[in-house]
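Only a predicted model underlies this, so the values are computations on that prediction, with no experimental measurement involved. Computed from heavy atoms alone, side chains included, the values below leave out hydrogens, waters and symmetry copies. In the text below, chain A, chain B and the rest are named by the order of the sequence lines, each starting its count at 1.
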Amino acid sequence: MLDPRSLRREPELIAQALSKRGLVFDLDTYEELESSRHDLQTEMETLQHDRNEISRTIGQAKRDGLDIEPLRLSVSEIGYRLDVVKQEFGKIRDELDAFLLSIPNIPHESVPDGADEEDNLVLRQHGTTPEFNFKPKDHVDLAPGLLNLELAVKISGSRFSVLRGPLAKLQRSLTQFMLDVHTEQHGYEEVYVPFIVNAASMTATGQLPKFAEDAFHVEHTEPMYLVPTAEVPVTNFVRDEILSADDLPMKFVAHTPCFRSEAGSYGKDMRGIFRQHQFEKVELVQIVSPDVSWDAFEELLGHAETILKMLELPYQASVLCGGDLGFAAAKTIDLEVWLPSQGRYREISSVSNFLDFQARRAQARFRRKAGERPELVHTLNGSGLAVGRSLIALMENYQNGDGSVTIPDALRSYMGGIDSLKLADADGQK
RNA sequence: GGAGGGGUGGCUGAGUGGUCGAAAGCACUGGUCUUGAAAACCAGCGAGGUUAGCGCCUCCCAGGGUUCGAAUCCCUGCCCCUCCGCCA
């Protein structure tokens, strides 16, 4: 959520800043709601004040044994009026809240203009794309049998997958490797978290109320949601908390499955496991003091890049343009890995600084010094990395002419020391 | 699933209709004392909104209700604890 105070003070400026997203901010609606809110709140508080005062007098009069009947009559009129105003105020406040919750974050000044991913700006490239003296296969053709999509369709439906034998192990190894690097070399605390979360958590990080259809939901005693990313449960560690300055920064790494309905992406990336309803991800989350969040952003980006470098996968870093920027982010840099089968770089990590946008929704605060007013923290996160897509990248970039896949050095100890995998005619093939 | 007990400020915990936004303790901050620290003593110390400020309003899990007035009474929901049952 944006700061309601700044919004009140300089709505034109904010509308201007939001236009970078290609968003037309409805100033008229906002100002109408805001002015109603202001008037109603003022009236309501005046009435409450009057009523409180008379009620106090009644209490006193009763103790003194005086007749309170005239006072009761005078207050009952206030009561009626108050009921009406309260109801109107509640309605406007709900509308205003809904309005505020639907406004995305303001793009940082360094975010380039642009409408969609075509306008994202490549910052740098790393590694060299592999040359093959044969026609490279994609990950589906590389692992017939071990990657079983038909089976997943029977069990669940499209956009799910079954991995078998060494392929499943390879994915697990990737996960372990990432977790180990982040905990042992980058100073993150590994956390295990719920995969089903409540609406308050989804609202705090920005998935609700606007993007409900992107999430899988479950009916329990109250509506709940399958996590679309570990960002949701982990960032919500600090919801409604007042931390002390020495608690910061908090750095967490979590491996979770992620569930996305992928509504609106029908027909997109339908081959293989590139875009799934369920996928594995290792996620980095940082909760930091506002003064250092841009340093933390660079640091976190570096942590994600380290994984790609250690796996020796060619990648590029792109800063998302205003039009492609996610709802809650002030700035996002995507890491895109080279996929030989597609002949282009594809997203494998997304690193974002949310500034105080999520923190305000979450009321996640900290106190610089005892006695001082609490301030909102800044939140950041980034994939480190998307495991399913790492698996694809690894298979495709490390493939050999005989259909085998070389295991990168960094991963060998996790794979029992083997240096290559023959996926094509391994045990799982039928 | 059955029976019972609870949700109060950073924490513990008092408070059953009227100066209660809330006793007390702990923690924290400042001061006195001390070479320094500890102890002791004194003072301060919840959050949000609004205001130039004084002030005013709201918040005692959430949402409704009763009342002139609710932390306190009633209803619903959520959560926690204890015992029993079931269970990986």
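Atom name C1', nucleotides B:rC45 and B:rA24: the rounded distance is 15 Å, in whole Å. Taking the C1' atoms as reference points, B:rA23 lies 8 Å from B:rG15, given to the whole Å. The P atoms of B:rG9 and B:rA62 are separated by 10 Å, rounded to the nearest whole Å. Taking atom C1' on both nucleotides, B:rC80 is separated from B:rC68 by 36 Å, rounded to a whole Å. Nucleotides B:rG65 and B:rU19 have their C1' atoms positioned 26 Å apart, rounded to a whole Å. Rounded to a whole angstrom, the distance from the C1' atom of B:rG21 to that of B:rU58 is 11 Å. Taking atom C1' in both B:rC60 and B:rU50, the straight-line distance is 23 Å, to the nearest Å. Look at the C1' atom in both B:rG63 and B:rU12: the space between them is 29 Å, to the nearest Å.
We find that CG of A:Asp83 is positioned 12 Å from P of B:rG64, with the value rounded to whole Å. Atom NZ of A:Lys62 and atom P of B:rG18 are 9 Å apart (whole Å). Computed from coordinates, the A:Gln87 CD to B:rG65 P distance equals 9 Å when rounded to whole Å. Straight-line distance from the CD atom of A:Gln363 to the P atom of B:rA47: 13 Å, rounded to whole Å. A:His49 places its NE2 atom 17 Å from the P atom of B:rU19, with the value rounded to the nearest Å. One can place CZ of A:Arg56 at 11 Å from P of B:rC20, the figure rounded to the nearest angstrom. Atom pair A:Lys86:NZ and B:rU67:P shows a separation of 14 Å (rounding to whole Å applied). When rounded to the nearest whole Å, the span between CG of A:Asp39 and P of B:rU51 equals 13 Å.
With RNA chain B read from its 5' end, the first of the two nearest nucleotides for A:Gly79 and A:Arg8 is the one closest to A:Arg8. Sequence order on RNA chain B of the closest nucleotides to A:Met44 and A:Gln60 puts A:Gln60 first from the 5' end.
You'll find the ring centres of A:Tyr225 and A:Phe195 outside the 6.0 Å limit.
Checked by atom type, the side-chain pair A:Tyr188/A:His303 shows a donor-acceptor distance below 3.5 Å. Between A:Ser352 and A:Lys331, the side chains place no donor N or O within less than 3.5 Å of an acceptor N or O (distance only, hydrogens not considered). Looking only at atom types and distance, the side chain of A:Ser318 has no donor-acceptor partner in the side chain of A:Asp334 under 3.5 Å away.
A:Arg5 comes within 4.0 angstrom of the backbone, heavy atoms only, and of no base.
Using a 4.0 Å cut-off, no side-chain N or O of A:Arg63 falls inside it from OP1 or OP2 of B:rU19. Look at A:Arg373 and you'll find a side-chain N or O under 4.0 angstrom from OP1 or OP2 of B:rG49. For A:Asn52, a side-chain nitrogen or oxygen approaches OP1 or OP2 of B:rC57 to under 4.0 Å.
In this entry B:rC60 has no Watson-Crick or G-U wobble partner, no candidate having both defining distances under 3.5 Å. Base pairing analysis places B:rG4 opposite B:rC81; the two distances defining the Watson-Crick or G-U wobble pair are each below 3.5 Å. Nucleotide B:rG18 has B:rC68 as its partner under the Watson-Crick or G-U criteria, with both atom distances under 3.5 Å. Across all strands shown, B:rU35 forms no Watson-Crick or G-U wobble pair with both distances under 3.5 Å. Across all strands shown, the partner of B:rG44 is B:rC28, judged by Watson-Crick or G-U wobble contacts whose two distances both fall under 3.5 Å. Of all nucleotides present, none satisfies the Watson-Crick or G-U wobble test against B:rA52 with each distance under 3.5 Å.
Listed nucleotides B:rC78, B:rG18, B:rG10 differ in distance to A:Ile242; the shortest reach to its side chain belongs to B:rG10. The listed nucleotides are B:rG49, B:rC68, B:rG48; the one nearest the side chain of A:Gln41 is B:rG49. Side-chain proximity of A:Arg365 to B:rG18, B:rC57, B:rA47: nearest is B:rA47. Of the listed nucleotides (B:rU50, B:rG46, B:rU67), B:rG46 has the atom at the smallest distance from the side chain of A:Arg367. Of the candidates B:rC57, B:rG48, B:rG18, B:rG18 carries the atom nearest the A:Ile58 side chain, counting heavy atoms from C-beta on.
Ionic pairing of A:Lys91 and A:Asp94 is not present here: no N-O contact between side-chain nitrogen and carboxylate oxygen is shorter than 4.0 angstrom.
Cation-pi geometry between A:Arg389 and A:Phe274 is satisfied (NZ or CZ under 6.0 Å from the ring centre, within 45° of the ring normal).
Other residues, nucleotides and ligands place no more than 12 heavy atoms under 6.0 Å from the NE2 atom of A:His217.
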